[in-house]
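Written out below as C-alpha cells is the structure these notes cover.
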Amino acid sequence: MTLELFIQYFFAGITYGSIYAIVAIGFNIIYNTTGIINFAQGEFVMLGGMISISLLPIMPLPLAIAAAVALTMLYGALLEICFIRWLDNPGVLRMVIITIGLSILTREAALHVWDESIRSLPYFVGNEISTVNVLGARVSPQVFWVIGACGLMVAFLSIFFQGTSVGRQMRACAANRKAAVLCGINTRDMVTFSFVLSAGIGALAGCVMSPITSTAYDNGTGLAIKGFTVAILGGLGNSAAAVAAGLLLGIIEAFSVSVLPLAFQDAIAIAILLIILFVRPHGLFGSGTAAGLKEF
Amino acid sequence: MALLAVSNLGKQFGGLQAVSEVSFSVERGMIKAVIGPNGAGKTTLFNLITGSLTPSSGSVLLDGRDITGHRPHQIASFGIARTFQNIKLFPGMTVLENVMIGRHIRSSGGFIASMLHLPWVLAEEQRIRQAALERLEMLGIAELAELEATSLAFGQQRAVELARALAMEPDLLLLDEPAAGLNIYETAEVGRLISSIRQLGITVLLVEHDMSLVMDISDEIVVLSFGRKIAEDVPEAIQSNEEVIKVYLGE
Amino acid sequence: MRRLLFLLPLVILVVGVQVLTDWTDTRYYLTQLTMAAYYSLLIIGLCALMGYTGQISLGHAGFFAIGGYLSAALTTRNLAFFQDQAFFRLLEGAGILATGQDIYGAELVVVAPWAACLVAIIAAALIAWLLGIPVLKLKGHYLAMATLGFGIIIYRIALASEYFGEADGISEVPPFLLPFGLEVSGSFAVREANYYIAWGLLIMGLILLRNLIDSRVGRALRSIHGSEDAAGAMGVDTARCKLQVFVLSAVFAAVAGVFLTHYNGGIGPSEAGVMKSVRYVAIVAVGGMAHLWGALVMGVVLNFLSLRGVFGSYDDAVFGLILIGIMLFAPNGVLSLLNFSGVLDFFRRRRRRVKEPGGLR
Ligand SMILES: Nc1ncnc2c1ncn2[C@@H]1O[C@H](COP(=O)(O)OP(=O)(O)OP(=O)(O)O)[C@@H](O)[C@H]1O
Ligand SMILES: [Mg+2]
C-alpha cells in the first residue's frame with residue numbers, strides 16, 4: 001500500500017470514526033442518566049441532516065444547521081416527555097421495544113416527508129473536487145470540518161459535565177440515582193435534558209457528515225448499530241473511551257475495504273460487536289468487576 | 001465426615017474483600033446459624049456455597065466432594081437448596097407452579113418428551129403436582145395453591161419460597177433471613193418449622209438477625225464481621241463471647 | 001385426547017373460512033391466509049422464546065431467511081456442471097438429486113426439495129445453536145443488539161452474494177412434493193390443499209408448543225423469565241434451557257421459511273430484513289407476550305391485513321405504532337385490554353379476602 005493510499009484510508013477512517021464516536025456518546029449520555037439504550041439514536045443524526053437540507057433554500061447554511069440542531073433537540077425532548085417520562089420503572093425489555101418503535105416511527109415519518117431520495121448538504125467550503133494536500137494524499141476539506149466539529153463537541157461535553165452545575169447534576173444521576181433524588185436533583189428533568197443533549201450532538205454530526213456521506217431516511221439503523229458497537233467497545237457509559245473506540249472502528253472499516261467487498265463493510269462492525277459482546281461485554285478498556293457493579 | 005465443609009473461602013468485589021478466609025463445617029442433622037452485622041458478608045457466603053458467585057479463593061466440600069466453582073443448578077442437584085433474603089418467587093405463576101419447580105431435579109421429562117406429552121411424562125407430571133401439594137400442606141398453605149405467588153402477603157411468600165426449597169428434598173437447606181419482616185408470632189412459627197425440618201433429616205444452615213430465634217434453635221453459631229469469622233461456638237458461649245459483644249454493641 | 005379438545009373451535013374456524021370463501025367465490029383470500037399461517041408459525045415459536053422464556057430476539061427473520069434461501073438455492077442452482085465430481089455422484093447415489101429442464105430447455109440438476117428442506121432446517125438449527133451459546137449469556141440491551149446484529153449479517157449476506165441472487169433474490173423455486181400427492185406450490189389448482197397444509201402445520205406447531213409450555217420443561221422456561229438466579233437455585237440448567245428453546249424457535253422460523261418459499265416460488269432479501277424481525281416481535285408483544293393463542297391470533301390477523309395491503313405505504317409505520325402503543329398502554333397485550341384478566345383478578349382477590357390464610361402455620 002502506498003503512503004498516499006494509506007493516508008487516504010486513514011482520513012476516511014477517522015472521519016467516519018468521529019461520527020461513530022458522537023453517536024456512541026449520544027448512547028452513553030442517555031444510558032448514564034436512565035439505564036436505557038435509546039435505539040432511536042441514529043434517527044437524530046438522520047433528522048439533523050434532513051432538516052438542515054430542507055431549510056437550506058430559505059436560509060444561509062450556518063443558520064440552517066443551527067435551526068436543524070435546535071429542532072432535533074426539541075424532537076428529542078418531545079420523545080422523552082411523551083413516551084418515556086411518565087412510565088414508572090419500566091423493564092429493560094419494554095424500554096428496548098419502545099425505543100425501537102420510536103426509531104421506526106421516526107424513520108417512516110421521514111420517509112413520508114422526504115421520500116426515498118438521497119440528499120446532501122453542499123460542501124461547507126469548496127465542492128466535491130476541492131482537496132487539501134496532506135503528505136501527497138488528497139483529502140476533502142469537509143473531512144476537517146467533520147473531525148473539527150466532533151472534536152469540539154467532545155471538548156464542549158467534557159467542559160459541560162465537569163464545569164457546569166447541570167452537567168454535574170447529570171453525573172450525580174448517573175452515579176447514583178436515588179442519592180441524586182435525595183440531594184434535591186430533579187432526575188426527571190435530567191433525563192429529558194439527556195435526550196435533548198444526545199439529539200443535539202447527533203443532529204450536528206448529521207449535518208457535518210451530510211456532504212460526504214449523504215443523507216437518506218434510512219441512515220439511522222446503520223449508524224445506531226455502529227454507534228452501539230463503539231459504545232460497547234469503549235465500555236457502555238464511558239465516553240472518553242468511546243472516542244478512542246470510534247476512531248478505531250472507523251479505521252478498521254476503512255482499511256477493510258482493501259480486503260473485503262464493500263457490501264460486507266457493515267458486517268465488520270457487527271462482527272466486532274458480536275465478538276466484543278462474547279468476550280469482553282464490559283468493553284476493551286473497562287474492567288470486569290467495575291461493569292459488574294452497575295445494574296443492567 | 002461433615003456434610004458441608006467450607007475452607008478458607010474468600011470473595012473480592014473490586015477492592016472490597018466481602019468474605020475472607022472463612023472456614024467452618026456443618027455436621028449432618030445440625031442446625032447451624034451464621035450471624036453478623038449488616039454487610040458482614042453472610043449473603044455473599046451463601047452465594048459462594050450455592051455457586052451464584054465463584055469464590056476468589058478457598059473451597060467448598062459437600063459430603064467430601066469438592067463443589068467449588070460448579071454452576072448453581074449443578075450444586076442444587078448435589079443436594080443444596082436455598083431461599084433468598086429478598087424473596088425470589090416466579091411472577092406470573094401460581095403458588096403450586098412455583099413449588100412444582102422445586103421438583104425439577106427430582107423429575108426428568110426432557111425437551112422432546114415434554115413437547116410430545118408422552119404418557120410417562122404425563123404420569124410424572126401428576127407425581128410432581130402431588131409432591132408439591134404435600135409441601136404446601138406441610139406449611140399450611142394448600143389453600144393458596146392456585147393464587148399468583150407474587151400477589152401474596154409477605155409472610156405467605158416466605159412460606160411459598162420455603163415450600164419450594166423443601167420440594168427439592170435437599171440434604172442441606174440454606175435459609176437467608178427466614179424471619180425478616182415477620183411479626184413475633186410468625187417468627188416463633190418459623191422457629192418451630194425449622195426444628196421440624198430437621199426431623200425430616202435435612203441439615204439447616206441459616207442466616208438470621210433475630211437473636212432470640214437463633215439462640216433458641218441453633219446447635220452452633222458462626223459469627224462474621226467484615227467478611228471474617230470472629231467466632232464459632234455453641235449459643236451460650238457466643239452470648240458471652242467478648243469479641244462478639246464488641247462487634248454487636250460497637251465501641 | 002381430551003386435551004386436544006381446545007383446538008376444536010380453531011379447526012372449525014379454519015374449515016369454515018375455507019368453505020365460506022368457496023361459497024362467496026372469494027377464494028383469493030386463501031392465498032394470504034396461507035402465507036399468514038406460515039408467518040404465524042414463526043411467531044408462535046418466537047413467543048415461546050420471548051414471551052415464556054423472556055429472551056428477546058431481533059434476528060428471527062434471519063432464521064426464516066436461512067430456511068427459505070437455502071431451500072430455494074439448493075432446489076434451483078444447477079449442479080449439472082459438477083456431474084463428474086465425487087460429491088455429485090455421492091448425492092446422486094443417495095437419491096437426493098432431481099432432474100428437470102430450465103426455462104431454456106437445458107438440463108437442470110438440482111437437489112430434491114425434501115432433501116433441501118432438511119438441509120435448510122438442520123442448518124438453521126445448527127446456526128442457532130452455535131449463535132445461542134455465546135449470545136444467550138447476554139441480557140437485555142446486549143441480547144437485543146447481538147441478535148439484531150446477527151439479523152443484519154444474514155441480510156447482508158443475502159443481499160451481497162451472487163449465489164443467493166443479490167437484490168433480486170431467488171425465483172423459479174420448484175414445488176415441494178409431499179406424500180399423498182400433495183404439493184406445496186402457489187398454483188391455483190392446489191390453493192385449497194395448500195391452505196390446509198399451512199394451517200395443519202401451524203396447528204401442529206401450536207400443539208407441540210402448548211405441550212412444551214405445559215410441562216416440566218415449560219415451567220423451567222417460565223422460571224427463567226421470572227428470575228434466572230432462583231431458577232438456577234432450583235436446579236434448572238438455565239443456559240441449556242435457553243439454548244434449547246432458542247434452537248426450537250429457530251427451527252419453527254426455518255420451517256416457515258422453507259414452506260413459504262416453495263409456496264411463493266421464491267424469496268427476496270426483504271424477508272431477511274430487520275423490519276421483519278421487529279414486526280415479529282411486535283406481534284408477539286401485541287398478543288400478550290406469554291400467550292401462544294394471542295400470538296397466533298395476532299399473527300394471522302395482522303399478517304393477513306398487511307399482505308392484503310390494508311396498511312398501504314404505512315405498513316412498517318403501523319407495526320412501529322403497534323409496538324409503542326402496546327408497550328406504553330398495554331404491556332400485557334391487547335387481550336388484557338378486553339379485561340379478561342381484570343375479571344379474573346377480581347375473582348381471585350375476592351377469594352383471597354374470604355380465606356385470609358395465616359401464612360406460616
Ligand atoms: N455483587 C456484589 N458486587 C459488589 N459488592 C457486593 C456484591 N454483593 C455484595 N457486595 C458487598 O459485599 C458486602 C457484603 O454483603 P452481603 O450482602 O454479603 O452482607 P450481609 O451480611 O448479607 O448483609 P445483610 O445483613 O444486610 O444482609 C457488602 O459490603 C456489599 O455491599
Ligand atoms: Mg444478606
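Every heavy atom of this structure was used, including side-chain atoms; hydrogens, water molecules and symmetry mates were not.
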Name the region of B:Thr83, side chain, backbone, both or neither, that has any atom closer than 4.5 Å to a heavy atom of chain C.
-> neither
Identify whether the distance between the nearest side-chain nitrogen and carboxylate oxygen of B:Arg28 and B:Asp63 falls below 4.0 Å.
-> yes
Go through the atoms of B:Glu97 and report whether side chain, backbone, both or neither lie under 4.5 Å from a heavy atom of chain C.
-> both
Turns out that what part of B:Glu124 lies under 4.5 Å from chain C's heavy atoms comes down to side chain
Which bit of C:Ala290 is near chain B, if near means a heavy-atom gap under 4.5 Å: side chain, backbone, both or neither?
-> neither
Residue, of B:Ala113, B:Ser52, B:Ser108, B:Gly110, that accumulates the most heavy atom pairs under 4.5 Å with chain C = B:Ser108
Output every pair passing ring-ring contact (aromatic ring centres under 6.0 Å, His included) with a member in residues 231-256 of chain C, not counting sequence neighbours, ordered by first then second residue.
-> C:Phe63-C:Phe246
Examine whether an atom of B:Phe84 lies under 4.5 Å from a heavy atom of chain C, and if so say whether it belongs to the side chain, the backbone or both; otherwise answer neither.
-> side chain
Could you check if a side-chain atom of C:Tyr196 sits within less than 4.5 angstrom of a side-chain atom of C:Leu201, using non-hydrogen atoms only?
-> no
Honestly, is B:Arg164 close enough over B:Phe90, meaning NZ or CZ under 6.0 Å from the six-membered ring centre and within 45° of the axis?
-> yes
Flag the pair B:Glu125 and B:Arg103 as a salt bridge only when some basic side-chain nitrogen lies within less than 4.0 angstrom of an acidic carboxylate oxygen.
-> no
Region of B:Ile101 that comes under 4.5 Å of a non-hydrogen atom in chain C = both
Electrostatic pair B:Lys88-C:Asp229, nearest N-O below 4.0 angstrom | yes
Which pair of non-hydrogen atoms, one from C:Met327 and one from C:Ala285, has the smallest distance, and what is that distance?
-> CE-CB, 3.6 Å
Identify which of C:Leu221, C:Asp214, C:Thr238 forms the greatest number of heavy-atom pairs closer than 4.5 Å to chain B.
-> C:Asp214
Relative to chain B, which segment of C:Ile224 carries a heavy atom at a distance below 4.5 Å: side chain, backbone, both, or neither?
-> neither
Under 4.5 Å from any heavy atom of chain C - which part of B:Ser107 | both
Of the listed C:Gly226, C:Ser227, C:Ser223, C:Ser215, the one with the largest count of heavy-atom pairs under 4.5 Å with chain B is C:Ser223
Please determine if B:Glu169 and B:Arg135 form a salt bridge, counting it only when a charged side-chain N lies under 4.0 Å from a carboxylate O.
-> yes
